[in-house]
Structures are given as structure tokens and as C-alpha cells.
Amino acid sequence: MVVDRKKLIIEAATESFSLFGYKATTMDQVAKIANVGKGTIYTFFKNKEELFDEIITSLIQEMKMAAEAAMDKHASFYENASSSLYALLDFRKKHQLMSKLFHEEREMGTREVLEVMKKLEKVVVSYIKDIVQGAIDKGEIKPCNPEMTAFVMLKLYVSLIFDWEKDHEPLNKEEITHLFELYLFKGLSSS
């Protein structure tokens, strides 16, 4: 049986980052979890930052797959936007590494984690922007700035899923979808 050492290292690093966060993870911990010598890690990765970047790149691919799996080609823009955003944020909320990074970003402000979270946000906004642009092109929604609309959509979802829950009962998917529709798609106007 051939052991894929690089894969073992990535899995060990993911576990360490998930348990201890970026700042507290050391290459010694990763080597111990992977049951390899520290030098073995350096045959694949120059440093902790490069290893972290490899993990985040894979994580972004997983997030995109989760969002795409939530989409239905027969559904409306509103349904697909809501479903894909919910899938992305649900992934972020349930994935142990994402939860740890989100916490480290807010509590410690670790520079590398802030950069990664910014990168993730850009990827998500870009993904949503493409969905918004597609809806504009099909005439499903009014012409608008697709990037700004994607940004507002993401921030609303983040607020409803993470910020609201700090002091309130968590909202279920249907409540979030209803609020999303009310605030973004229908508006508050009674006319």
C-alpha cells in the first residue's frame, strides 16, 4: 500500500487548523498528526502559509460544488439565489475549519485568516454576481450593478445566519428565504 504523504499532511493540517486555528497551528503539530517527520512536510510545502493556501483552495472548490448542487435549472432566479447562498453559508457554518476561521477572524484578527476570509468573500461575491448577471440577461430582474447586488445579498445572508443568532433563536431556511425575498426582491413598499 502506497501512502500518499502529501494527502496525509493536508488532512493533518486541516485537522490542526480546525482544532487550534491558524495562529496556534505549528508545523510540528501537523507532522505529529500526520505521523511524518517535519522535513517531509517541507518537501511538499515551503511554509505554513503555502500549506494553508492549498487547503483553502480545496475548500473554495468544495463551496462552489455545494452552491452548484443547490441550484435547479428549472427554478427562478430568486429560488436559485436563495438556495445557493444558503448552501454556501450552511457549508461555512457546518464545516469545522470554516467555523474556526470565522471565529479566529472575529476574535483575534489574525492577518492570514483575515486575508483568507476576504478571498473567500470575493469568490462568493463573484459567484453570486454571475448568477445576478444571468438573471439580468434573461430579464428576470431589473438592470442593476451585479457586483454590488451580490455583495448586498451575501451580507444580508451573513447577518441573518450569523449575526442574528448571537442574541436570537436561529432562523430556519424558510424564514431566511422569506426575509431575503421581502427585503431584496419585493421590497417593503405596500404599493
Side-chain angles (χ1 to χ4, degrees), residues 17 21-22 49 52-53 55-73 75-189:
F17 289 133
Y22 176 83
E49 292 79 17
F52 189 57
D53 189 55
I55 292 166
I56 296 304
T57 299
S58 293
L59 197 63
I60 289 170
Q61 287 307 110
E62 288 179 50
M63 288 177 73
K64 283 182 177 180
M65 289 185 331
E68 288 170 6
M71 304 266 290
D72 176 358
K73 65 180 180 180
S76 71
F77 163 73
Y78 309 112
E79 294 165 324
N80 277 331
S82 181
S83 293
S84 62
L85 266 173
Y86 192 83
L88 285 171
L89 293 171
D90 195 44
F91 177 91
R92 183 175 171 175
K93 192 175 180 184
K94 289 180 180 172
H95 198 281
Q96 189 177 1
L97 175 58
M98 288 301 298
S99 295
K100 189 67 174 178
L101 293 176
F102 190 70
H103 177 75
E104 187 170 337
E105 174 193 35
R106 290 194 176 215
E107 299 299 318
M108 300 170 70
T110 307
R111 182 182 55 81
E112 293 84 358
V113 173
L114 290 170
E115 288 172 11
V116 161
M117 298 309 270
K118 189 184 242 184
K119 179 179 177 179
L120 285 171
E121 182 176 290
K122 280 185 177 182
V123 167
V124 172
V125 167
S126 176
Y127 182 80
I128 298 166
K129 176 182 147 189
D130 291 343
I131 295 169
V132 170
Q133 186 61 59
I136 293 168
D137 295 344
K138 291 178 189 172
E140 288 186 85
I141 62 172
K142 295 180 203 178
C144 60
N145 178 325
E147 184 174 12
M148 186 178 300
T149 303
F151 177 81
V152 168
M153 290 169 74
L154 176 62
K155 292 301 182 177
L156 177 58
Y157 255 75
V158 168
S159 293
L160 292 174
I161 289 179
F162 294 108
D163 298 333
W164 178 261
E165 291 179 11
K166 288 179 189 172
D167 299 314
H168 303 88
E169 282 292 313
L171 300 169
N172 63 40
K173 184 179 179 180
E174 291 74 28
E175 290 171 315
I176 292 169
T177 300
H178 169 73
L179 292 170
F180 193 75
E181 191 174 331
L182 174 68
Y183 297 133
L184 282 177
F185 301 135
K186 291 183 179 176
L188 296 174
S189 176

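What you find for L101 and V113 is that their closest heavy atoms are O-CG1, 3.4 Å. For Y127 against E68, the heavy-atom pair with the smallest separation is OH-CG, 3.1 Å. Listed here is the closest heavy atom pair of A70 and A87: CB-CB, 3.7 Å. In plain terms, the two heavy atoms of C144 and V132 that are nearest each other are SG-CG1, 4.0 Å. Considering all non-hydrogen atoms of both residues, K100 and G21 come closest at CE-N, 3.5 Å.
Remark: the backbone N or O of N172 is paired with a side-chain donor or acceptor of E175 at under 3.5 angstrom. Put simply, the side chain of T57 gets close to the backbone of D53: a donor and an acceptor are under 3.5 Å apart. With N80 contributing its side chain and K73 its backbone, the two residues share no donor-acceptor pair below 3.5 Å.
Going from atom CD of Q133 over to atom CD1 of I128 covers 14.5 Å, rounded to the nearest 0.5 Å. Note that CZ of F77 and CE of M71 are 9.0 Å apart. Values are rounded to the nearest 0.5 Å. The CD1 atom of I176 sits 12.5 Å away from the NE2 atom of H178 when rounded to the nearest 0.5 Å. Annotation: the span from H95 atom NE2 to L59 atom CG amounts to 5.0 Å, rounded to 0.5 Å. With values rounded to the nearest 0.5 angstrom, I56 atom CD1 is found 10.0 Å from E62 atom CD. The structure places OG1 of T149 at 6.5 Å from CD1 of I136, a figure rounded to the nearest 0.5 Å.
Heavy atoms of other residues, nucleotides or ligands lying less than 6.0 angstrom from CD of E147 number 12 at most.
Between K155 and E121 there is a salt bridge, with a side-chain nitrogen of the basic residue lying less than 4.0 Å from a carboxylate oxygen of the acidic one. Using a cutoff of 4.0 Å between basic side-chain nitrogens and carboxylate oxygens, E115 and K119 are not scored as salt-bridged.
Counting heavy atoms from C-beta outward, S84 and I131 have side chains that approach closer than 4.5 Å.
Using a 30° and 60° split on the angle between ring planes, F180 and Y157 fall in the perpendicular class, above 60°.
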In sequence, state the C-alpha distance, the side-chain angles, and the governing distance for E105 and Y22, and then conclude on side chain to side chain donor-acceptor pair (under 3.5 Å). CA-CA 10 Å; E105 174 193 35; Y22 176 83; over 6 Å; no
